[in-house]
Protein chains: 2
Amino acid sequence: MAQTRKTSLQPRARASQKAGSAQPTLQDVAAAAGVSTATVSRCLNSPEQVTARTRERVLSVVRELGYAPNFGARALAAKRTNTIGAIIPTMENAIFARGLQAFQEELAEHGLTMLVASSSYRPDLEEEQIRTLLARGADALLLIGFDRPASVYAHLEQRGTPYVIAWSQKEDPRHIAVGFDNYTAMRALADRVFNHGHKDVAIISAPQADNDRARDRVRAVLDSAADRGLEPQDIRVIETPYSIENGASAMDELMSAKPRPTAVFCGNDVLAVGALGRASEIGLSVPDDVSVTGFDDIEIARIVRPALTTVHVPHRDMGRQAAQAIAALLKGETAAHGLPLATTIMERASLGPVPKASS
Amino acid sequence: MAQTRKTSLQPRARASQKAGSAQPTLQDVAAAAGVSTATVSRCLNSPEQVTARTRERVLSVVRELGYAPNFGARALAAKRTNTIGAIIPTMENAIFARGLQAFQEELAEHGLTMLVASSSYRPDLEEEQIRTLLARGADALLLIGFDRPASVYAHLEQRGTPYVIAWSQKEDPRHIAVGFDNYTAMRALADRVFNHGHKDVAIISAPQADNDRARDRVRAVLDSAADRGLEPQDIRVIETPYSIENGASAMDELMSAKPRPTAVFCGNDVLAVGALGRASEIGLSVPDDVSVTGFDDIEIARIVRPALTTVHVPHRDMGRQAAQAIAALLKGETAAHGLPLATTIMERASLGPVPKASS
DNA sequence: AGAATATTTGTAAGCGCTTACATTTATCTC
DNA sequence: GAGATAAATGTAAGCGCTTACAAATATTCT
């Protein structure tokens, strides 16, 4: 508190010519504190290398001048930005929001900042976003899912940029991933549905190209069906981008087929909510006429009526662990390939037995 | 295509010592193209200043080497980052997602990149995020709502950092804002509700402190009531952070009061959806026993049953216009204070007349 | 054609910070 | 307490880019 008031206002005018409006620089702080810029820098970046006495003096000047390091200069000199880029397929719904929030919170614990970009589920846009984030100096990246051109991985490899894949997990030693096994998760749900006796089922999936999560989920349903002696090729699969509206349209299409499926698997909760809504709009009761399932267990799944049977994904855990993996990678530790996270089936009202009147 | 292959691989090794892994620099490009770094820089930043011939040669080398400018260096030298910081209260639900997406898209049109941060509706966190974004070199900011400490505005002013306020609009010449008038919007909805004959109403609002949008919305309801000779002080206002769960709890509380309100205004759709769900859980029918309204018209409002009566906010327009305003500001144009955007009432099934059996 | 002007390109000085290395100062060791 | 060792601080060289300004080249005018 009782600081050297007099010196506190001089340095700014000295080093920066542009009158009062310019930000104070390291120089200014150094001059005001009577030390070298190196010492100030050390106070900020590795305080343990500086005597408590000088450190306190310097830091008080820092506060007094309202000094904040210039990001660009720091990045340039240190070749490090403490920034992690995250590229998610979409920000328009809640699918990734919760996980990302946790990711960010955990990054903050490690002194890292998150930069988000969204790819709109388009591989070309994702590649562009990766470039953008790297150009902005991202030290590492969070990517969703495995599917992307080999050239992208090669580029990352060649630059030596660490990355972590989330929302998916499989036996691929080439990448480090934090996620769950989409196949296993969906398989558990499919088994549950078939146990209810359903024989005519259909799938509303996101486009499977470039999306390993979507593919795994579809495959799980087909495999489960095959195991029960059903013909997988009889199962109708509609591919459509994730949106409530698209879920509704797909449902329309499915419900006008005959025999009408008695259960519809949706690639995620957003599609499922659309399907659910449309079913009621066209006078079908869920689950009395048709069962519907989702994937992700976002908030809305509990809210819709009937509540949605879905696969619960531990979003927050996933985000947090992804951040930890990145922090470890950045420290040079060879982050071990973790185990897949566990998902659980949330059986709610939208899943029921096969309708009696069914063909 | 038929480029000078031989020179293309040398420069990298020349200027950057760290073997092959380092990124090519402007130097490398300049050397390979046989021009000065200034010319390369101009090709990238103001191509019209360079002959078509040299420009093409340089750009082809850029492509060949896979050169990408270093963000830090550029920021440092140009004192400009082409980065806009956006601080939104939350990423956990869809309220801001759509507007932000449009904001980003429009920024991209102007060659600007968006950096998001979220404040969790906490003023202290917002202030911190502002600092962080500015330290990262944000050239301008997007802020939500007017309410924040004067010191924050002073700081922005003093730094000369342009900012635009969104999601709110009022007669305040000190700030430039792109948004709608929350009071007017909610007033229209309230008038509509009272026209249905409701006399006992209640409000579930976000905490009003530090949130001018929430305050305006509450005030609109109270004023509308007063205009009809109702006693505003009889109107119960529950304040609780925006979340489905909180909306549900608040509804519990309101529904156990007597006389029970016949209509509940919610500060946004998220609270309303919670309220709606809880109503049905405790055996009340909406709108036969109680009407419920929301605000924002996010996707979920159309999906829930009964569908939610709410105020439609032109999120995408708002995001787009905010981006345009910022681009204008950055060009030095004195972006005119635009007119407030129009909102519309979406009357859906959740609003009905006063129940007959009502007290 | 030659001077005057406009256009294109080059030169080089930083932008604000980090960090290897050199120097100074404090702390041990016997 | 002298010499050796460890800790704290200072010196200064960049990091990769932009941009005044200078120099070179092309264009126009009389």
Side-chain angles (χ1 to χ4, degrees), chain A residues 11-12 14-18 21-58 62 65-83 134-137 139, chain B residues 11-12 14-18 21-58 62 65-83 134-137 139:
Chain A
R12 168 180 304 185
R14 190 194 309 160
S16 37
Q17 314 292 16
K18 304 217 168 189
S21 81
Q23 292 299 114
T25 71
L26 241 213
Q27 281 264 23
D28 298 330
V29 175
V35 296
S36 72
T37 59
T39 299
V40 178
S41 174
R42 281 191 282 257
C43 284
L44 265 27
N45 299 306
S46 40
E48 73 283 358
Q49 288 185 28
V50 175
T51 332
R53 228 171 83 72
T54 28
R55 194 192 319 145
E56 275 159 33
R57 181 154 41 95
V58 169
V62 164
L65 297 188
Y67 168 76
N70 175 302
F71 178 76
R74 183 174 249 186
L76 186 55
K79 302 181 184 319
R80 191 169 24 72
T81 60
N82 292 323
T83 292
L134 291 181
R136 297 189 66 85
D139 291 337
Chain B
R12 168 179 306 185
R14 189 195 307 160
S16 36
Q17 316 291 15
K18 304 216 167 189
S21 79
Q23 292 299 112
T25 71
L26 241 213
Q27 281 266 21
D28 298 330
V29 176
V35 296
S36 72
T37 59
T39 300
V40 178
S41 174
R42 282 190 280 256
C43 284
L44 266 26
N45 299 307
S46 40
E48 72 285 356
Q49 289 185 28
V50 176
T51 332
R53 229 172 84 71
T54 28
R55 193 191 321 144
E56 274 160 31
R57 181 154 41 95
V58 169
V62 164
L65 297 187
Y67 168 76
N70 176 302
F71 177 76
R74 185 174 248 188
L76 185 55
K79 301 180 183 319
R80 190 170 24 73
T81 59
N82 291 324
T83 293
L134 291 181
R136 297 189 66 85
D139 290 336

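Chain naming here is simple, since letters A, B, ... match the order of the sequence lines and numbering starts at 1 in each. Treat the numbers as computed from the prediction; the structure is a model and nothing was measured.
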From CA spacing to verdict: side-chain contact (heavy atoms from CB on, under 4.5 Å), Leu134(B), Gln23(A): CA-CA 11 Å; Leu134(B) 291 181; Gln23(A) 292 299 114; over 6 Å; no

For the pair made of [atom1] in [X] and [atom2] in [N], what is the distance, rounded to whole Å?
X: Glu48(A); N: dA8(D); atom1: CD; atom2: P; result: 10 Å
X: Asp28(A); N: dC15(C); atom1: CG; atom2: C1'; result: 14 Å
X: Arg55(A); N: dA7(D); atom1: CZ; atom2: P; result: 15 Å

Each nucleotide of nucleotides 16-27 of chain C classed B (base within 4.0 Å of a protein heavy atom), S (only sugar-phosphate) or -, in 5' to 3' order, makes BBBB--------

Would the distance check show the side chain of [X] and the main-chain N or O of [Y] forming a donor-acceptor pair, the cut-off being under 3.5 Å?
X: Asp139(B); Y: Arg80(B); result: no
X: Thr51(A); Y: Arg53(A); result: no
X: Arg57(B); Y: Ala33(B); result: yes

Which atom pair, heavy atoms only, marks the closest approach of Val50(B) to Cys43(B)? CG1-SG, 3.8 Å

How far apart are the C-alpha atoms of Val35(B) and Arg42(B), what are their side-chain angles, what is the distance that settles it, and do they pass the side-chain contact (heavy atoms from CB on, under 4.5 Å) test? CA-CA 11 Å; Val35(B) 296; Arg42(B) 282 190 280 256; over 6 Å; no

Does the pair Leu44(B) and Ser41(B) meet the rule for a side-chain contact (heavy atoms from CB on, under 4.5 Å), with working shown? CA-CA 5 Å; Leu44(B) 266 26; Ser41(B) 174; 5.9 Å; no

Which angle, to the nearest 10 degrees, lies between the helix axes at the two ends of the helix from dA1(C)-dT30(D) to dC30(C)-dG1(D), each defined by five pairs? 20°

Between Thr25(B) and Asn70(B), does a side-chain contact (heavy atoms from CB on, under 4.5 Å) hold up when you go through it step by step? CA-CA 8 Å; Thr25(B) 71; Asn70(B) 176 302; over 6 Å; no

